[in-house]
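To keep things clear, I will list the structure first and then write my remarks on it.
Residues take their numbers from the sequence shown, with the count starting at 1. None of these values were measured; they are calculated from a predicted model.
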Amino acid sequence: MNDPSVRDTAVLSRQIKEAAQRLGFELVGISAVQLPPHEESFARWLRQGLSGELAYMKRTELLRRDPRILVPWATSVVSVGMNYYTPVPRPAPGTGSSGWISRYAWGDDYHDLIRRRLDALLDRVVELHGGPLQGRSFVDSGPVLERDLAGVAGLGWIGKNTHLISPRRGSWFFLGELFLDLPLSYDRPIRDRCGRCDLCLKVCPTGAFIGPYVLDARRCISYLTIELKGWIPAPLRPLIGNHIFGCDLCQEICPYNVKAAPSKEAQFQPRIGLHAPELIAFLDLTPETFRRRFRGSPILRAKRRGLLRNVAVALGNLKCAEAESALIRVLDDDEPLVRGHAAWALGQIGGPSTFDALRQRLQVETDAEVRTEINGAIGAIARGLGANRPA
């Protein structure tokens, strides 16, 4: 540390971390811009088709695998993590007609918040540096392998559930990156501490983990309820349970999250009605009321047709008889995706009145996929009614 330039770099790096923490980033680390350690694993994951319909992953593969292509001028990257955990428990299984929304979506959309904080951090770095510099921030939506970068910067390690895990703070974090054309002092990676634990792999209802550290997105509840825009495969629907947007199970069971601290960020606190929401009312959302209800929320990402699709599946899994009339009304929805999943849900609930409603809808339904769903539901109800007839 006798070299003044090295000493100045260390001081600036410490000041940047302190500035990041004052902006609300509980985790912060710095690394050189380099090939991410798991870039080849990422490429193999894509080749195996495990990304499902996430076409943007394939389009941006090279940029994700080598940030030097994305930001060729950058020397260092500041990786940050912001805690979003709110310690509100999950209701007991099978409770009424309530569903589950992933904790990250209870509050306001994090993208804009974190991007603003990173832009503020860049302004502060310019002040601290005392001269011109180039910087660029990314938050989740950018073509960056952010967990890899965060791991290299010492924020944590990528666990068997593919989440970044901090040994002291757990995994309930949004991640972001600030690339800079400055040489800085770099942090050391943290070794993998999952050990023999495989609780996260076993808890997944859909069996989405085909091995430690390998997720088949096509079976992941978060993918099925958020990223997938079309029909949820019928064999997976019963396994989704009451999840309507995301999941959380593989994080809730992680031992490193047992003592997770609550988030201090007001914008991440649960909006009214989003913790274990009552599902039946969601079926009455029009396109306008959906946009108004979820303005500024991550749930907009699913779009109305996706959310109502998920709600229908959840109500079918709950076999919620109280939802029967609402689901019958939804058989007339403008969206085939909604009509079809509502028909499936009614098939799970069963009953003579449901049977009659489905037969009436079948007489006027023109969409081939919806007709298939209705016929399947009618068949399921018929089998159930037949089984209940006295011998």
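Salt-bridge check for R271 with D108: passed, with a basic side-chain N closer than 4.0 Å to an acidic carboxylate O. With salt bridges taken as basic N to acidic carboxylate O contacts below 4.0 Å, one links D187 and K17. The pair E53-R218 does not count as a salt bridge, with every side-chain nitrogen at least 4.0 angstrom from each carboxylate oxygen. Remark: R65 does not engage D148 in a salt bridge, criterion side-chain N to carboxylate O under 4.0 Å. Under 4.0 Å is where a charged nitrogen must lie from a carboxylate oxygen, and between D334 and R305 no such pair does. A salt bridge between E40 and R44 is absent, with no side-chain N of the basic residue lying under 4.0 Å from a carboxylate O of the acidic one. Electrostatic pairing of D332 and R361 counts as a salt bridge here, judged by a charged N lying under 4.0 Å from a carboxylate O. The pair E335-R339 does not meet the salt-bridge criterion, since no charged nitrogen lies less than 4.0 angstrom from a carboxylate oxygen. Here E288 pairs with R291 in a salt bridge; the nearest charged N to carboxylate O distance falls below 4.0 Å. Between E39 and R64, none of the side-chain N atoms (NZ, or NE/NH1/NH2) sits under 4.0 Å from a carboxylate O, so this pair counts as no salt bridge. The pair K58-E61 does not count as a salt bridge, with every side-chain nitrogen at least 4.0 angstrom from each carboxylate oxygen.
The 12-atom threshold is exceeded at NZ of K229, counting heavy atoms of other residues, nucleotides or ligands nearer than 6.0 Å. The environment of R359 atom CZ is sparse: at most 12 non-hydrogen atoms of other residues, nucleotides or ligands sit within 6.0 angstrom. No more than 12 heavy-atom neighbours from other residues, nucleotides or ligands sit within 6.0 angstrom of CZ on R168.
Hydrophobic clustering (side-chain heavy atoms under 4.5 Å, transitive across Ile, Leu, Val, Met, Phe, Trp, Tyr) groups F25 together with V125. Under the 4.5 Å side-chain heavy-atom criterion for ILVMFWY residues, no single connected hydrophobic cluster contains both F174 and L149. A single hydrophobic cluster is not seen to contain both I165 and V28; linkage of ILVMFWY side chains at heavy-atom distances under 4.5 Å, directly or through other members, places them apart. A continuous path of ILVMFWY side-chain contacts below 4.5 Å connects V311 to V370, so both sit in one hydrophobic cluster. Residues I253 and L164 do not share a hydrophobic cluster, clusters being chains of Ile/Leu/Val/Met/Phe/Trp/Tyr side chains in contact below 4.5 Å.
For the pair F290/L300, a side-chain contact is recorded, criterion being any heavy-atom separation below 4.5 Å from C-beta on. With contacts defined as side-chain heavy-atom distances shorter than 4.5 Å, the pair L180/V77 does not qualify. Under the 4.5 Å side-chain criterion, counting only non-hydrogen atoms from C-beta, C200 is not in contact with C254. You'll find the side chain of S166 reaches within 4.5 Å of the side chain of L27, heavy atoms only. The shortest distance between side-chain heavy atoms of C250 and H163 falls below 4.5 Å. Two residues are said to be in side-chain contact when any heavy atoms from C-beta on lie closer than 4.5 Å; L184 and I16 meet this criterion. Between S97 and C320 the shortest side-chain heavy-atom distance falls below 4.5 Å. Taking the side chain as every heavy atom from C-beta outward, R90 and D248 approach each other to under 4.5 Å.
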| request: In sequence, state the C-alpha distance, the side-chain angles, and the governing distance for T162 and Y213, and then conclude on side-chain hydrogen bond (donor to acceptor under 3.5 Å, both in side chains). | output: CA-CA 5 Å; T162 72; Y213 313 101; over 6 Å; no
| task | Dump the intermediate steps for side-chain hydrogen bond (donor to acceptor under 3.5 Å, both in side chains) on S353 and E324, then the final yes or no. | result | CA-CA 9 Å; S353 59; E324 181 179 324; 2.3 Å; yes
| message | Go through it in stages, so that I can follow the logic: the residues are F282 and I244, the test is side chain to side chain contact (heavy atoms under 4.5 Å, CB included), and I'd like the CA-CA distance, side-chain angles, deciding distance and then a yes or no. | response | CA-CA 11 Å; F282 282 164; I244 64 168; 3.7 Å; yes
| said: Using salt bridge (charged side-chain N to carboxylate O under 4.0 Å, His left out), reason through E373 and R237 one step at a time and then give a plain yes or no. | reply: CA-CA 13 Å; E373 293 286 350; R237 293 174 194 171; 2.8 Å; yes
| said: I'd like to know whether S98 forms a side-chain hydrogen bond (donor to acceptor under 3.5 Å, both in side chains) with N242, so could you lay out the CA-CA distance, the side-chain angles of the two residues, the decisive distance to 0.1 Å, and finally the verdict. | reply: CA-CA 7 Å; S98 64; N242 69 338; 4.7 Å; no
| For L113 and F268, what are the C-alpha separation, side-chain angles and deciding distance, and is it a side chain to side chain contact (heavy atoms under 4.5 Å, CB included)? | CA-CA 10 Å; L113 170 64; F268 296 157; 3.3 Å; yes
| said: R329 vs L283, test: side chain to side chain contact (heavy atoms under 4.5 Å, CB included). Steps then yes/no. | reply: CA-CA 9 Å; R329 288 198 305 273; L283 293 176; 5.8 Å; no
| said: Between D140 and H111, is the side-chain hydrogen bond (donor to acceptor under 3.5 Å, both in side chains) condition met? List the steps. | reply: CA-CA 7 Å; D140 186 31; H111 292 90; 3.2 Å; yes
| request: Kindly indicate, with the supporting measurements, whether the criterion side chain to side chain contact (heavy atoms under 4.5 Å, CB included) is fulfilled by W73 and L133. | output: CA-CA 10 Å; W73 45 265; L133 62 84; over 6 Å; no
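Considering all non-hydrogen atoms of both residues, M82 and E26 come closest at CA-OE1, 3.4 Å. The two residues N317 and P238 have their closest heavy-atom pair at OD1-CA, 3.2 Å. Listed here is the closest heavy atom pair of A276 and P91: CB-CG, 3.4 Å. Taking each heavy atom of L155 and V80 in turn, the nearest pair found is CD2-C, 3.8 Å. The minimum heavy-atom distance linking V330 with A342 is given by the pair CG1-CB, 3.8 Å.
Between the side chains of D109 and S297, no donor-acceptor pair is found at a separation under 3.5 Å.
Within the 3.5 Å criterion, the main-chain N or O of N83 finds a donor-acceptor partner in the side chain of S263. When atom types are taken as modelled, the side chain of D367 and the backbone of P336 share no donor-acceptor pair closer than 3.5 angstrom. Distance alone, capped at 3.5 Å, places no donor-acceptor pair between the K160 side chain and the C194 backbone. In this structure, the side chain of H275 engages the main chain of P89 through a donor-acceptor pair within 3.5 Å. R371 contributes a side-chain N or O that, together with a main-chain N or O of L362, makes up a donor-acceptor pair within less than 3.5 Å. T206 places a side-chain N or O within 3.5 Å of a backbone atom of R219 that can act as its donor or acceptor partner.
Using cut-offs of 30° and 60° on the angle between ring planes, the pair F245 and Y104 is tilted. Classified by interplanar angle (parallel below 30°, tilted 30° to 60°, perpendicular above 60°), the ring pair W231/H341 is parallel. The aromatic rings of W106 and W100 sit perpendicular to each other, their planes meeting at more than 60°, with 30° as the lower class boundary.
Ring to ring, Y256 and W157 are close: their centroids are under 6.0 angstrom apart. Here F173 and Y85 keep their ring centres 6.0 angstrom or further from each other.
Atom-to-atom distance recorded for Q269:CD and Y84:OH is 13.5 Å, nearest 0.5 angstrom. Interatomic distance, CG of L279 versus CG of L315, reported as 5.0 Å (0.5 Å rounding).
Judged by the 6.0 Å distance and 45° axis criteria, R103 is positioned over the aromatic ring of W172.
Residues F42, W45, L46, L50, L54, Y56, L145, I210, V214, I221, Y223, L224, L228, I232, L236, L239, I240, V313, W344 make up the rest of the hydrophobic cluster containing M57, defined by ILVMFWY side-chain heavy atoms closer than 4.5 Å, directly or through other members.
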